[in-house]
Amino acid sequence: MKYSEYKQPLNYADVGTDILNWWQENGIFEKSVSTREGQPTFVFYEGPPSANGAPGIHHVMARTVKDIFCRYQTLLGKQVSRKGGWDTHGLPIELQVEKELGITKEDIGKKISIAEYNQRCRETVMRFKAQWDDLTQKMGYWVDLDDPYITFEPEYIESCWALLKKLYDKGLLYKGYTIQPYSPAAGTGLSSHELNQPGTYRDVKDTTIVAQFKVKRDETSEKLFAAPVWERQGTDSQTDVFILAWTTTPWTLAANTGLAVGKNISYVVVRTINPYTKEYIRVVLAKARVKSYFSEFTEIGKSIPSTYSDWGSETKQIPWEIEAEFTGADLVGINYERLFGQSKGFPAFEGEEKGFRVVAGDFVTTEDGTGIVHISPTFGADDFRVAQLNDIPALLVTDAEGKPTPIVDRTGRYVPQMGEFGGRLVKNYDGHDETGTDYKTLDESIAIRMKGDGTAFKVEKYEHTYPHCWRTDKPVLYYPLDSWFIKTTAVKDRLIELNKTINWKPESTGSGRFGNWLENLVDWNLSRSRYWGTPLPIWRSQDGSEEICIGSIAQLSAEIDKAVAAEIMTHNPLTAGGQIDLHRPYVDDIFLVSPTGQAMYRETDLIDVWFDSGAMPYAQWHYPLENEAKFQKNFPADFIAEGVDQTRGWFFTLHALGVMLEDSVAFKNVIANGLVLAKDGQKMSKRLGNAVDPFATIQQFGPDATRWYLIANAPPWDNLKFDPAGVTEVQRRFFGTLFNTYSFFALYANLDDFRTREFDRIPLTDLSELDRWVLSKLQSLILEVRGHYDSYDPTKAARAIQDFVTDQLSNWYVRLSRRRFWKGELTTDKKAAFETLQECLVVVAQLMAPIAPFFGEWLYKNMTDGMRQEALANNTPLAPESVHLTLLVEANTSRIDTALEERMELAQRISSLTHSLRKKSVLKVRQPLQRILVPVLNDTTRDQVGMVEDLICAEVNVKHVEFLDDTSGVLVKSVKPNFKRLGQQYGPKLKVVAARIQQMTPEEISTLESTGTLVVEIGGEQLNLAPDDVEIRTDDLPGWLVATDGPLTVALDVTLTDELRREGVARELVNRLQNLRKDSGLEVQDKIRITLGGEQPDLAAAVQFFGDYIRTETQALSLTFNPELTGGVTLEFDDYSVPAQLEVVTA
RNA sequence: GGGCUAGUAGCUCAGGUGGUUAGAGCGCGACACUGAUAAUGUCGAGGUCCGUGGUUCGAGUCCACGCUGGCCCA
């Protein structure tokens, strides 16, 4: 069987579709899994995409990364099953449905039933599934699409419930609250989506207060008091110290339980007086904020005398002086007194001991206020978070039913216990008249009280923006609302510990972005007040005293039966037949009965969709309800890959659930890939019209060039600027070259009917230098590429393959070996050339297959289909019909010959230098020259170059390489300091030493060389130089044109003898005749007769001397002169013009 | 505002542990080569290695502070 030959240029998109069809017809993907049955597994988790939008080019990127390592591991012989999956719940789908129906969340349950609404979501979420499946196949992403997990299916939800119950039973699921935007006037929470409506943020003028928090004097705070005792009037070491904090919501001050400072911010203690009470005080605030509160005209000791004694007068500006300075870190841990304590007529507070403390907060700035932030955990999200992190309690009071409650109720009023302010609205939520002259807002009343108490340092009106409810136009309250949490903080240390065992690519995402996130972990808020998602499986009695967490459909059914018996339900809908749907509203219509006979209602929350996806290692197998063994075998994952934006999404939920449920990582290796941007670095978007269509790209360039470009151009974790021109380049430079190399092989292999026998190869020792060299390079390549794949660095793998194919294989091995392929009969040397190239191409096909699966397959099949029968019969490595079913070749390190690789590099560099010399002398390569001269300073170089002399001579068309050594007496040596060595030895003196070395005379150089040491005097000091201290080189040959490359120097002898000229003419003639053959449409193997005309003595001489050569090269049986020749073609070269005629000899 | 990340030729990117002349491909200009030929080679132009300060005999590389872009979070 012949090797297939293709016409130029190859259509890569067709290669893609042809191979894809062949895969499908022959079930290659299935075989790639089934043939590995019983082998070690490589576990991969597919992060489920959502099919509610069309896939983009970035999906091709992300999925290429996934595909590469699954294919690679398969090549290593492992079994890699890849179950596909779909993420189907969540807000984006709800919003899409609402947009299409023209409704809002308000309308759900009114204009449209929850059942209808959820049905729409179910239909919408899979709308683009067909497109996704199509792309998956066309891009060559191998994943099982026939049996995917789908997060809205009852089994999947049931698994989530079972997992939630496990957490519940471990005490890791609890009801608490989070601070959310809330509208007291509407009596409802607001989503961030609602808060982002236009017009919600408005300028308002509020009363603001800089409050004074009195520092408790103890060990921690003593340093604040320790400033020098002032002998001046008014203050001494006993004067109280207050921390100043500014707020635009004074009503929250009564709920203050903490103060936050910036760790790296500078703070000062200022002695001054309270402007309202005129008491002597000391205050703490950020150094950068001092001038906002104190006038430069009243600074004691500077603008006013240090003996200033009129403190407490009626001046508006207060005197002040800085006593001491601290950093925020110094202040952390200081305790202070509660602002509105029991002694002032306010309710008792249990957490008194733990709260009222200074903590560090990363959100603290010195942009405004005092650089110290007042924390009220019940009324601010930041406050809540920092309080949780630092174990600061929220200020709660006991309500009439004995339950803890915030100091503001759901209607926006202070609770009755709040002393003189009890019952007052914190903002005007009922629209009452505010215009009366005596009217005071709550904030104003509080300010008045504080001025009297001496706890207000400054009170002023201030205009700022504040969010308002889009329906009631009233200011939003940040208010604690019920939420269900997973207590991730309980396993925080374990999460951190196990994270350190995960191999993150890039490493910084794991240690930085993810690691920091874990360090600052708060409990996972599971609750979502929505409709389309996994319902929380918790039923509670009205008073919250009894509850049950359901872990399976069976359990739910059993509980319903109890409820039916207790006449709370009329019948059991789960046993009524038909499809079970665990979504709302159906689960909401289920009521259960508690052990004491109370009715229990489902908590109406849905759970965070990230729980769905984080649960996939379990729920994809319907574990823990079944498939225990399957789960165990597939947990944890060896490898996952998703976008870096998943760090706090899927990566986190996988990890958190893995640690909490299995005390294990959920994945061992992870690639967090970056974004795919438009070529100008802009984000791709439909709006800007710069989005790249993945289908069009694959259609135009084929899937392989697209994948190769995405991987080779930048490491996956860097952002990629997608430029189609780059794909073209990959196609041309890499795939084009590889295709050319194959075509070259196929052309001549077919002519000679060459056949490889896998175990009957010419032994390595009989191969030429060049063959052994490229095979050595090939082994090095295998080692390198395997290493890169093993360490999850596909970019380096791709680049290594690319460099080998273009630079080593094509541009050196094939270019230099061409004659061997086309000359004469199928000799041993020719066979060796075929076998070598054959091996290189097959191995390249394997190595590239994970990245370019279609082309790798194409190349493999073209190279091996002809020997398949034989391979099958003997069960050789090439027996598999597909490259993706083969086992990746192992590097044979005994074939790596470093010395050979080194001397070949010398040959390449010397050739390159010679080319450049020819260029400078305007001597084309076709003109033979006598010699090149290479100065050598040691025998090693001479030996090395000697062994590749023939290659160099052939490549640059010279007769021989001549070495020049010391004995020739023409070498001019120069010397360069070895800075690394000298620097270590002489340090600061290096400059003078180096200068001296550069001035070394030839005599000194030869002394150093012959005796191994040289004594020089520098600045009156005797220094011993060793040969290693300098680098000796010869970069000049007087009288010769030389070229240098590092330590290598080459001179070209440009003398032209008559014989060389004649040979040059002969070669020109051969060249023109070859062109003529080709232009005449002759086949490579056709024999010809040549007749030349004209009368040119030089030409005749050339033909006379080199007739044999010309005949051999042009496959001419005869070469004759006929001065009378007419017709034919005229060959033009140099100064010649030769009529010529070719005649094909029919066999 | 915080965390992470990037900034090197017109463009896309390489540049272990610091070593004095910073590389490649593409693009551009010139010239060659020609039985792989819509391929290939050689030469050339092109650099404030984001900036400023520091450490060092020596910084693209290490440190500090900034600037600009990106992602995530607030």
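Just so we're on the same page: letters track the sequence lines, and every chain starts at 1.
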Query raised in the report: Are A:T509 and B:C4 close enough that a side-chain N or O sits under 4.0 Å from OP1 or OP2?
Result: no
Query raised in the report: Should A:D807 and A:W812 be marked as a side-chain hydrogen bond (donor to acceptor under 3.5 Å, both in side chains) after you check the CA-CA gap, both sets of side-chain angles, and the distance that decides it?
Result: CA-CA 6 Å; A:D807 296 347; A:W812 192 253; over 6 Å; no
Query raised in the report: Expressed as a whole number of Å, how far does the P atom of B:G41 sit from that of B:G3?
Result: 48 Å
Report task. Give A:D382 one of three labels, base, sugar-phosphate or nothing, depending on what nucleic acid heavy atoms sit under 4.0 Å from its own. Result -> sugar-phosphate
Report task. Would you indicate, yes or no, if B:C26 has its OP1 or OP2 atom less than 4.0 angstrom from a side-chain nitrogen or oxygen of A:R733? Result -> yes
Query raised in the report: Which of parallel (below 30°), tilted (30 to 60°) and perpendicular (above 60°) describes A:Y466 and A:Y478?
Result: perpendicular
Report summary line: Mate of B:A36 across any strand shown (Watson-Crick or G-U wobble, both atom pairs under 3.5 Å) is none
Query raised in the report: Heavy atoms under 4.0 Å, any strand shown: does A:R799 hit a base, just sugar-phosphate, or nothing?
Result: sugar-phosphate
Requested in this report: In whole angstrom, give me the gap between the P atoms of B:A6 and B:C63.
Outcome: 13 Å
Requested in this report: Measure the distance from CG on A:D807 to P on B:U40 and round it to the nearest whole Å.
Outcome: 11 Å
Query raised in the report: Quick one: does A:T737 reach the base of B:A39 with a side-chain donor-acceptor pair under 3.5 Å?
Result: no
Requested in this report: Respond yes when some side-chain nitrogen or oxygen of A:R818 is under 4.0 Å from OP1 or OP2 of B:A36, and no when none is.
Outcome: yes
Requested in this report: Would you indicate what A:S508 reaches in the nucleic acid, counting non-hydrogen atoms under 4.0 angstrom: base, sugar-phosphate, or nothing?
Outcome: sugar-phosphate
Query raised in the report: Considering Watson-Crick and G-U wobble pairs with both distances under 3.5 Å, what does B:U21 pair with?
Result: none
Query raised in the report: Using the ring of each side chain (for Trp, its six-membered ring), is A:F514 parallel, tilted or perpendicular to A:W504, with breaks at 30° and 60°?
Result: tilted
**Report entry** Integer-rounded Å distance: B:C73 C1' and A:N516 CG
**Finding:** 11 Å
Query - Under 4.0 angstrom between A:N1071 side-chain N/O and B:C33 OP1 or OP2 - result: no
Report summary line: When every non-hydrogen atom of A:I1090 is compared with those of A:L1073, the smallest separation belongs to CD1-CD1, 3.8 Å
Report task. Using a heavy-atom cut-off of under 4.0 Å over every strand shown, decide if A:Q1074 touches base, sugar-phosphate, or nothing. Result -> base
Report task. For A:Y748, check ring-ring contact (aromatic ring centres under 6.0 Å, His included) against everything at least two apart and list the hits. Result -> A:F744
